[in-house]
S.K.: 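Pasting a structure below so you can have a look.
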Amino acid sequence: QWYQRRVHGKQWYQRRVHGKQWYQRRVHGKQWYQRRVHGKQWYQRRVQGESHPRGPMTRTKMLPIFAILLAMGIIPCKAAKPNLTVLMVLSDPYLMHKDYDEDGQVNNEYEGFSVDLLELLEKELGVTMTIRVIDTYGRYQESSGKWTGMVGELADGSADMAIADLTVTEAREEVIDFSIPFMSGGTTILSKKPSGDNMQYFSFLDPFTLDVWIVIAVSYLVLGMAYMVINIIKRKHEKWEDSKISVLSLPILKITTIVFTILISCLYTASLSALLSAEPIEKPIDSIEDLASQNYVKFGAVQGGSTMAFFKKGKISLFQHVWRFLEENNLNVGSNKQGVERVIKEGGNYAFLMESTSAKYVTERRCEVQTIGALFNEFHYAIGLPSNSQYRKPVNQAILKFKSSGFIKKLEEKWWLMKRGGGACATSRPERMLQLALGSLTGIFWLLLAGFVISSFGNSTGGVPAETRIKKLYNILNIHIKIYIDC
């Protein structure tokens, strides 16, 4: 090779080693080589676009080609947003089915506090999120040594995030990470309100039922007619002894009317006093201590929930007593909804221990229930994340931003006080009413009937002595009248 290069020259050697085409391209230049290989028209179209028969290939004409290449994925575009799987649990008002859309058609999409919070996080983090609904929040199974539900999937890495009313507990923090809390509350007691109606304009008639008032009115009407008949007969006969009406008729009728009026007045006054004072029959339950120390009102909680876990780990004897009651009696339910329905169904014989945030949502819409006592067992709701998640810090920063800007507060007002019938019970006030039915007053009307019969069909026993006896009886009754008036 050295000899050939030295004898024949460098150009001959390059042409022999690299080929004729390489040598021509090197000697005559790239443009000459392209024109020689691809032809004159191709060279003119590439270098001198105006000489091409179809005209120059401008950027405007190339746009459809670029669009096709972009759609086919040949030309790389901007990187797609990461998609995160978010776990949620159906729980009012955090996640609910949309019953109807704006056109009145059934819509299977979801809405609620958690959905709105998810949308805010999507914009803040620059990601897309897909909702996956599961049944339970998660509890630890000692037999398998694993967590179930939402906590279990986060611990296994099957999901990227959990947005729900997920309570932060010490046991859960050992297997997953939590963001800073977005909501706080406590445990409260949900019970049924005392039965009763609201006071109206004619509430003074409430001590007696309608049939009692009707019978009273008829009774006084008959008494008035009897007085009219006796007075008419008395005016027609100068001597009272010559009348067909007994001498005992008018005094007995007066005495019967007085006794009847006194008894009715006393019963009405006593019943009205009980109505206005609204005193409960038994001692009211005002705290968890009262609930634990009585036996006529049963109570329960969500089976396997954070409320039961709180009482299980409680060191106070009161909490241990409540835990034994919850564990030994089959009074727990599977969800808050079942607990609320049981409270309403069983009247005042069942109370439900639940989170104050959920209880507030219920009492704003179900006017027959109420919360009693002060809050205990302070808790925090936070977003669940797998351990060492890369999104923990961005989520914390986003939650802080939402809380400081008032977005979280607005979402609470929207879903607790406005949407889905919120605020329906804002002006309702519980009342207790005690009415006396007709069956309780039958004896009084029998007494009235007996006096009326005696006054109508009684016979005279001998003039003045009978009148004297009646006057003595009348004087004795006057003494009793003063006693009855004091009642």
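Since the model is a prediction, treat every value here as computed from it, not as a measurement.
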S.K.: Consider only side-chain N and O atoms of Tyr137 and Thr167, and report whether a donor and an acceptor are under 3.5 Å apart.
M.R.: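 On atom types as modelled, these side chains do not qualify, holding no pair under 3.5 Å.
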S.K.: Within a strict 4.5 Å, meaning less than it, do heavy atoms of the Glu341 and Arg366 side chains meet?
M.R.: yes
S.K.: For Ser143 and Gln141, which I'm curious about, is there any donor-acceptor pair between the side chains at under 3.5 Å?
M.R.: no
S.K.: Hey, what do you get for CG (Leu87) to OG1 (Thr130), rounding to the nearest 0.5 Å?
M.R.: 11.5 Å
S.K.: Would Tyr350 and Ser191 satisfy side chain to side chain donor-acceptor pair (under 3.5 Å), going step by step from the backbone distance to the final call?
M.R.: CA-CA 7 Å; Tyr350 182 81; Ser191 66; over 6 Å; no
S.K.: Can you pull out every side chain to side chain donor-acceptor pair (under 3.5 Å) where at least one residue sits in residues 172-187? Sequence neighbours excluded, please.
M.R.: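 Side chain to side chain donor-acceptor pair (under 3.5 Å) check on residues 172-187 returns Ser184-His380, Thr187-Asn377.
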S.K.: Going through the distances and angles, do Leu417 and Glu412 end up as a side chain to side chain contact (heavy atoms under 4.5 Å, CB included)?
M.R.: CA-CA 8 Å; Leu417 304 179; Glu412 291 182 20; over 6 Å; no
S.K.: Does a side-chain heavy-atom distance below 4.5 Å link Glu355 with Asn336?
M.R.: yes
S.K.: Measure the spacing between CG of Asp92 and CH2 of Trp415 and express it to the nearest 0.5 Å.
M.R.: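 Between atom CG of Asp92 and atom CH2 of Trp415 there are 10.0 Å.
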S.K.: What's the separation between atom OG in Ser387 and atom CG in Leu154, rounded to the nearest 0.5 Å?
M.R.: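 It comes to 9.0 Å.
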S.K.: Between Asp116 and Lys414, does the salt bridge (Lys or Arg N to Asp or Glu O under 4.0 Å) criterion hold? Intermediate values first, please.
M.R.: CA-CA 10 Å; Asp116 288 353; Lys414 174 183 177 182; 3.0 Å; yes
S.K.: Please give me the minimum heavy-atom distance between Lys403 and Ile408, naming the atom from each residue.
M.R.: CG-CG1, 3.8 Å
S.K.: Compare every heavy atom of Val322 with every heavy atom of Ala292, then report the nearest pair and how far apart it is.
M.R.: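 Taking Ala292 first and Val322 second, the nearest heavy atoms are CB-CG2, 4.0 Å.
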S.K.: Tell me the closest heavy-atom pair linking Asp160 and Leu84, and the distance in Å.
M.R.: OD2-CA, 3.4 Å
S.K.: Is it true that Phe352 and Phe299 have ring centroids separated by less than 6.0 Å?
M.R.: no
S.K.: Check step by step if side chain to side chain contact (heavy atoms under 4.5 Å, CB included) holds for Glu119 and Met129.
M.R.: CA-CA 8 Å; Glu119 294 175 355; Met129 297 182 180; over 6 Å; no
S.K.: With a 4.5 Å heavy-atom cut-off, do Ile163 and Leu121 have their side chains touching?
M.R.: yes
S.K.: Side-chain contact, heavy-atom cut-off 4.5 Å: Thr371 with Thr363?
M.R.: yes
S.K.: Can you see which heavy atom on Leu411 is nearest to which on Trp416, and at what distance?
M.R.: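 Looking at all heavy atoms of both residues, the closest pair is O-CE3, 4.4 Å.
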S.K.: Looking at Ser271 and Pro207, would you say the former's side chain and the latter's main chain have a donor-acceptor pair under 3.5 Å?
M.R.: yes
S.K.: Test side chain to side chain contact (heavy atoms under 4.5 Å, CB included) on Leu331 and Arg342 and set out the steps.
M.R.: CA-CA 10 Å; Leu331 298 173; Arg342 186 165 183 176; 3.3 Å; yes
S.K.: Taking side chain as C-beta onward, heavy atoms only, is Val89 less than 4.5 Å from Thr136?
M.R.: no
S.K.: Considering only heavy atoms from C-beta outward, does the side chain of Val302 approach that of Met354 to under 4.5 Å?
M.R.: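 Of all side-chain heavy-atom pairs linking Met354 with Val302, none is under 4.5 Å.
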S.K.: Check step by step if side chain to side chain donor-acceptor pair (under 3.5 Å) holds for Ser358 and Asp165.
M.R.: CA-CA 9 Å; Ser358 301; Asp165 49 335; 4.5 Å; no
S.K.: Would a 4.5 Å heavy-atom cut-off, applied to side chains only, mark Tyr140 and Thr148 as touching?
M.R.: no
S.K.: Closest approach of Glu124 and Ala398, non-hydrogen atoms and distance?
M.R.: CG-CB, 3.7 Å
S.K.: Do the charged groups of Glu368 and Lys192 touch, with an N to O distance under 4.0 Å?
M.R.: no
S.K.: May I have all residue pairs that pass side chain to side chain donor-acceptor pair (under 3.5 Å) and include part of residues 312-329, sequence neighbours excluded?
M.R.: none
S.K.: May I ask you to decide if the ring planes of Trp213 and Phe208 are parallel, tilted or perpendicular, using 30° and 60° as cut-offs?
M.R.: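 Trp213 vs Phe208 ring planes: tilted.
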S.K.: Are any non-hydrogen side-chain atoms of Thr307 and Phe379 less than 4.5 angstrom apart?
M.R.: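 No - every pair of side-chain heavy atoms lies 4.5 Å or more apart.
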S.K.: Answer with yes or no whether the side chains of Asp211 and Thr209 bring together a donor and an acceptor at under 3.5 Å.
M.R.: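 Side-chain D/A pair, Thr209 to Asp211: present.
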S.K.: Is it the case that atom CG in Asn388 sees more than 12 heavy atoms from other parts of the structure closer than 6.0 Å?
M.R.: no
S.K.: Apply the test side chain to side chain contact (heavy atoms under 4.5 Å, CB included) to residues Val362 and Val369: give CA-CA distance (whole Å), side-chain angles for both, the deciding distance (0.1 Å), then the verdict.
M.R.: CA-CA 8 Å; Val362 173; Val369 296; 3.9 Å; yes
S.K.: Can you name the closest pair of heavy atoms from Ser114 and Met88 and give their distance?
M.R.: O-CE, 3.6 Å
S.K.: At what distance, to the nearest 0.5 angstrom, does CG of Leu385 lie from CZ of Arg392?
M.R.: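 Those atoms lie 7.5 Å apart.
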S.K.: Mind checking the OG1-CD1 spacing from Thr261 to Ile264? Nearest 0.5 Å is all I need.
M.R.: 8.0 Å
S.K.: State whether Glu346 and Lys298 are salt-bridged, where the test is any N-O pair (Lys NZ or Arg NE/NH1/NH2 against Asp/Glu carboxylate O) under 4.0 Å.
M.R.: no
S.K.: Please determine whether the number of non-hydrogen atoms from other residues, nucleotides or ligands lying under 6.0 Å from atom CG of Asp156 exceeds 12.
M.R.: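 Result for CG/Asp156: enclosed.
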S.K.: Do Phe319 and Phe310 pass the ring pair (Phe, Tyr, Trp, His ring centres under 6.0 Å) test, and can you show the C-alpha distance, the side-chain angles, and the key distance before you say yes or no?
M.R.: CA-CA 8 Å; Phe319 294 159; Phe310 166 75; 4.9 Å; yes
S.K.: Distance check, rounded to the nearest 0.5 Å: Phe325 atom CZ versus Asn332 atom CG?
M.R.: 9.5 Å
